**Student:** 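One structure, as structure tokens, below. Some questions next.
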Amino acid sequence: MTFDITRRTALRGLAATAAIAGLAATTGCGLAGAAEDKTITIIATESAPYQEPLNIAKELLAEEGWELKPTFVTDIVQPNIAVANGEYDANFFQHGAYLEQFAADNNLELEASFYVYSSPAGIWSDKYASLDELPDGAQIALPVDPSNNGRGLKLLAQEGLIEVDESKSVIELSQRDITANPKNFEFVEVDQQSLATTLPDVDAGFMFVRLAAEIGHTPADALAFESIEEALPYICLVAGQPGFAESEKGKALQAALQSPEVEAWFDDYIDGALETPWDRDVAADFEQWKPKG
């Protein structure tokens, strides 16, 4: 594998900084130990947009003497619990809205470390070519988790098919906030990882673009699709305990996952549908979309 010279230099700089700081152990949250600890553990979703970038990062980090040890899982609960318990340095499986909701619901000390890729979503159907064709009483699949539940409802409302409480942000929106449903749509809530397999059994379904791609759908054939700004709370990121982003492990991992090699992979995946918004300020974005009060 050919490595970018600028990226290689940046990673070496991080390694040198770690060596200078190596006389003192990094404290707090079980994130690190002595500076000679060159192993980074991460738990991630068993899916291409997570596995492939981590495989690339593993090779880049190895060039600089780091060992990246990824563990891949299919559930969306274990990764946050494992990092909060100090079993892993970081996780890579979720977007900002889910992180905020899960951490608050479970009283966990976790925070966004850095962005990796945007995760827009849309509504697809194997039976109908447009939202207008959906019949009265149509069944529409939505993700059951609160952080994603309102996204499909928001898209339907924007298309004029239902009405919702406009005072609610998309990450707070749920079926309770539907104020008008003239076509009597029935909403079927399923685990987000089951949305793609559920699609043949319903009239339409909400899915993340990567899940849609796994069953042959693209943004071009979606009945409705989120804009970049609408998907702002749903940028997929690496999360860790407080302070991980500023640690040498965190900096090295960020340099590798935000490398030109990883960017090139995303450019080729699903025709570039997953963008890499690495120039965005994570903290500022969170303040922009987080519910106030």
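All heavy atoms count here, side chains included; hydrogens, waters and symmetry mates do not. Predicted, not measured: the structure shown is a model, and the values here were computed from it.
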**Student:** Sequence neighbours excluded and cut-off under 3.5 Å, please list the side-chain donor-acceptor pairs for residues 132-140, or say none.
**Tutor:**
{"from": "Glu133", "atom 1": "OE1", "to": "Ala129", "atom 2": "N", "distance (Å)": "3.2"}
{"from": "Gln139", "atom 1": "NE2", "to": "Glu186", "atom 2": "OE1", "distance (Å)": "3.4"}
{"from": "Gln139", "atom 1": "NE2", "to": "Glu186", "atom 2": "OE2", "distance (Å)": "3.4"}

**Student:** Taking it one step at a time, do Phe72 and Leu54 satisfy side-chain contact (heavy atoms from CB on, under 4.5 Å)?
**Tutor:** CA-CA 10 Å; Phe72 297 105; Leu54 284 173; 3.8 Å; yes

**Student:** Out of curiosity, Lys58 NZ to Asn55 CG, how far, rounded to the nearest 0.5 Å?
**Tutor:**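 With rounding to 0.5 Å, NZ (Lys58) is 7.5 Å from CG (Asn55).
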
**Student:** Are the side chain of Asp267 and the backbone N or O of Gly272 linked by a donor-acceptor pair below 3.5 Å?
**Tutor:**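 Answer holds: no.
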
**Student:** Main chain of Glu275, side chain of Ser118: is a donor-acceptor contact present, judged purely on distance under 3.5 Å?
**Tutor:**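 Between the backbone of Glu275 and the side chain of Ser118 there is a qualifying donor-acceptor contact (under 3.5 Å).
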
**Student:** Quick one: are Tyr98 and Gln101 in side-chain contact, heavy atoms under 4.5 Å?
**Tutor:**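 With C-beta onward as the side chain, the pair touches.
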
**Student:** Could you please spell out the steps behind the side-chain contact (heavy atoms from CB on, under 4.5 Å) verdict for Phe185 and Ile178?
**Tutor:** CA-CA 11 Å; Phe185 291 147; Ile178 297 174; over 6 Å; no

**Student:** Give a yes or no on whether the backbone of Gly243 and the side-chain of Glu111 come within a donor-acceptor separation of less than 3.5 Å.
**Tutor:**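 It does hold such a pair.
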
**Student:** Output yes when a side-chain donor or acceptor of Glu226 lies under 3.5 Å from a complementary backbone atom of Pro120, and no otherwise.
**Tutor:**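 No; judged by distance alone, with no hydrogens or angles, the pair does not exist.
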
**Student:** Once rounded to the nearest 0.5 Å, what's the spacing between atom OG of Ser119 and atom CD1 of Ile235?
**Tutor:**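 Spacing of OG (Ser119) from CD1 (Ile235) equals 10.0 Å.
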
**Student:** Would you call Glu261 and Glu59 a side-chain contact if the rule is heavy atoms closer than 4.5 Å?
**Tutor:**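 With C-beta onward as the side chain, the pair stays apart.
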
**Student:** Report yes if the side chains of Ser147 and Ile171 come closer than 4.5 Å at any heavy-atom pair, otherwise no.
**Tutor:**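 A side-chain contact is absent here, since even the closest heavy-atom pair is not under 4.5 Å.
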
**Student:** Say whether Phe187 and Val144 are linked into one hydrophobic cluster, either directly or through other cluster members, by side-chain heavy-atom distances under 4.5 angstrom.
**Tutor:**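 No: no chain of side-chain contacts under 4.5 Å links Phe187 to Val144.
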
**Student:** If you look at every heavy atom in Ala57 and Leu257, which pair is closest and at what distance?
**Tutor:**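 That closest heavy-atom pairing would be CB-CD2, 3.9 Å.
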
**Student:** With Leu142 as reference, evaluate Asn149, Ile123, Val202 under the side-chain contact (heavy atoms from CB on, under 4.5 Å) test and give the passing residue.
**Tutor:**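 The single option meeting the side-chain contact (heavy atoms from CB on, under 4.5 Å) with Leu142 is Asn149.
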
**Student:** Just how far is it from atom CG of Asn181 to atom CD1 of Ile162, taken to the nearest 0.5 Å?
**Tutor:**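 Spacing of CG (Asn181) from CD1 (Ile162) equals 6.5 Å.
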
**Student:** How long is the span from the CG atom in Asp37 to the CD atom in Glu248, to the nearest 0.5 Å?
**Tutor:**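 Here the rounded value is 12.0 Å.
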
**Student:** Taking atom CG as the centre, does Asn107 end up with more than 12 heavy-atom neighbours from other residues, nucleotides or ligands that are less than 6.0 angstrom away?
**Tutor:**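 No, the 6.0 Å shell around CG holds no more than 12 heavy atoms from other groups.
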
**Student:** Could you grab the distance from atom SG of Cys236 to atom CG of Leu274, nearest 0.5 Å is fine?
**Tutor:**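 The SG atom of Cys236 sits 8.0 Å away from the CG atom of Leu274.
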
**Student:** Please report the closest heavy-atom contact between Ser194 and Thr198, naming both atoms and the distance.
**Tutor:**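 Smallest heavy-atom distance, with atoms named: O-OG1, 2.7 Å.
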
**Student:** Does Gln254 form a side-chain contact (heavy atoms from CB on, under 4.5 Å) with Trp278? I'd like the steps, not just the answer.
**Tutor:** CA-CA 10 Å; Gln254 180 174 3; Trp278 299 338; over 6 Å; no

**Student:** Kindly say whether Leu108 contributes a backbone atom to a donor-acceptor pair with the side chain of Asn106 at under 3.5 angstrom?
**Tutor:**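 Not a single qualifying donor-acceptor pair exists.
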
**Student:** Within the distance-only criterion (no hydrogens, no angle test), does the side chain of Trp66 pair as donor or acceptor with the backbone N or O of Thr39 below 3.5 angstrom?
**Tutor:**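 Checking the backbone N and O of Thr39 against the side chain of Trp66, no donor-acceptor pair under 3.5 Å is found.
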
**Student:** Is there a donor-acceptor pair under 3.5 Å between the side chain of Asp177 and the backbone N or O of Ser174?
**Tutor:**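 Yes; judged by distance alone, with no hydrogens or angles, the pair exists.
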
**Student:** Which pair of non-hydrogen atoms, one from Pro200 and one from Ala196, has the smallest distance, and what is that distance?
**Tutor:**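 So the two residues come closest at CD-O, 3.7 Å.
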
**Student:** Does the pair Phe92 and Phe114 meet the rule for a ring pair (Phe, Tyr, Trp, His ring centres under 6.0 Å), with working shown?
**Tutor:** CA-CA 10 Å; Phe92 176 32; Phe114 55 87; 8.2 Å; no

**Student:** Examine Arg151 relative to Tyr234 and say whether NZ or CZ is less than 6.0 Å from the centre of the six-membered ring and inside a 45° cone about the ring axis.
**Tutor:**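 Yes, a cation-pi geometry holds between Arg151 and Tyr234.
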
**Student:** Does Lys127, at its NZ atom, have more than 12 non-hydrogen atoms belonging to other residues, nucleotides or ligands within less than 6.0 Å?
**Tutor:**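 Yes.
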
**Student:** Do Asp165 and Arg176 come within less than 4.5 Å of each other through their side chains, counting heavy atoms only?
**Tutor:**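 A side-chain contact is absent here, since even the closest heavy-atom pair is not under 4.5 Å.
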
**Student:** Do you know the tightest heavy-atom contact between Thr45 and Gln51?
**Tutor:**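 Scanning both residues, the minimum pair turns out to be O-CG, 4.0 Å.
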
**Student:** Let me know which of Asp285, Val238, Thr276 forms a side-chain contact (heavy atoms from CB on, under 4.5 Å) with Tyr115.
**Tutor:**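 Among the candidates, only Asp285 passes.
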
**Student:** Using salt bridge (charged side-chain N to carboxylate O under 4.0 Å, His left out) as the criterion, point out the one residue from Glu166, Glu163, Glu172 that pairs with Lys154.
**Tutor:**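 Answer after filtering Glu166, Glu163, Glu172: Glu166.
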
**Student:** With a 4.5 Å cut-off on side-chain heavy atoms, are Trp265 and Pro53 touching?
**Tutor:**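 With C-beta onward as the side chain, the pair touches.
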
**Student:** Taking Tyr50's backbone N and O only, do any of them form a donor-acceptor pair with Ser47's side chain (distance below 3.5 Å, no angle check)?
**Tutor:**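 Side chain of Ser47 to backbone of Tyr50: no pair is present.
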
**Student:** Between CD1 of Ile42 and CG of Asn91, what distance do you get to the nearest 0.5 Å?
**Tutor:**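 One gets 7.0 Å once the value is rounded to the nearest 0.5 Å.
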
**Student:** Flag the pair Ile215 / Met207 as yes when at least one side-chain heavy-atom distance between them is below 4.5 Å, and no otherwise.
**Tutor:**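 Yes - at least one pair of side-chain heavy atoms lies under 4.5 Å apart.
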
**Student:** Could you tell me which non-hydrogen atom of Val116 sits nearest to which non-hydrogen atom of Pro277, and how far apart they are?
**Tutor:**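 In this case the closest contact between Val116 and Pro277 is O-CD, 4.3 Å.
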
**Student:** Do the non-hydrogen side-chain atoms of Glu87 and Ile43 ever get within less than 4.5 Å of each other?
**Tutor:**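 No, their side chains stay 4.5 Å or more apart.
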
**Student:** Locate the shortest heavy-atom distance separating Leu195 from Pro143; write the atom from each residue and the value.
**Tutor:**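 Distance-wise, the nearest heavy atoms are CD2-N, 3.8 Å.
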
**Student:** Before giving the answer on side-chain contact (heavy atoms from CB on, under 4.5 Å), spell out for Phe206 and Leu153 the whole-Å C-alpha distance, their side-chain angles and the decisive distance to 0.1 Å.
**Tutor:** CA-CA 9 Å; Phe206 173 92; Leu153 298 177; over 6 Å; no

**Student:** Just wondering, do Gln94 and Ile76 contact through their side chains at under 4.5 Å, heavy atoms?
**Tutor:**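 No, too far: nothing below the 4.5 Å cut-off.
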
**Student:** A quick test of your reading: do over 12 heavy atoms of other residues, nucleotides or ligands sit less than 6.0 Å from CG of Asp271?
**Tutor:**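 Incorrect, the count does not exceed 12.
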
**Student:** Would the distance check show the side chain of Trp124 and the main-chain N or O of Thr218 forming a donor-acceptor pair, the cut-off being under 3.5 Å?
**Tutor:**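 Yes: the side chain of Trp124 pairs with the backbone of Thr218.
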
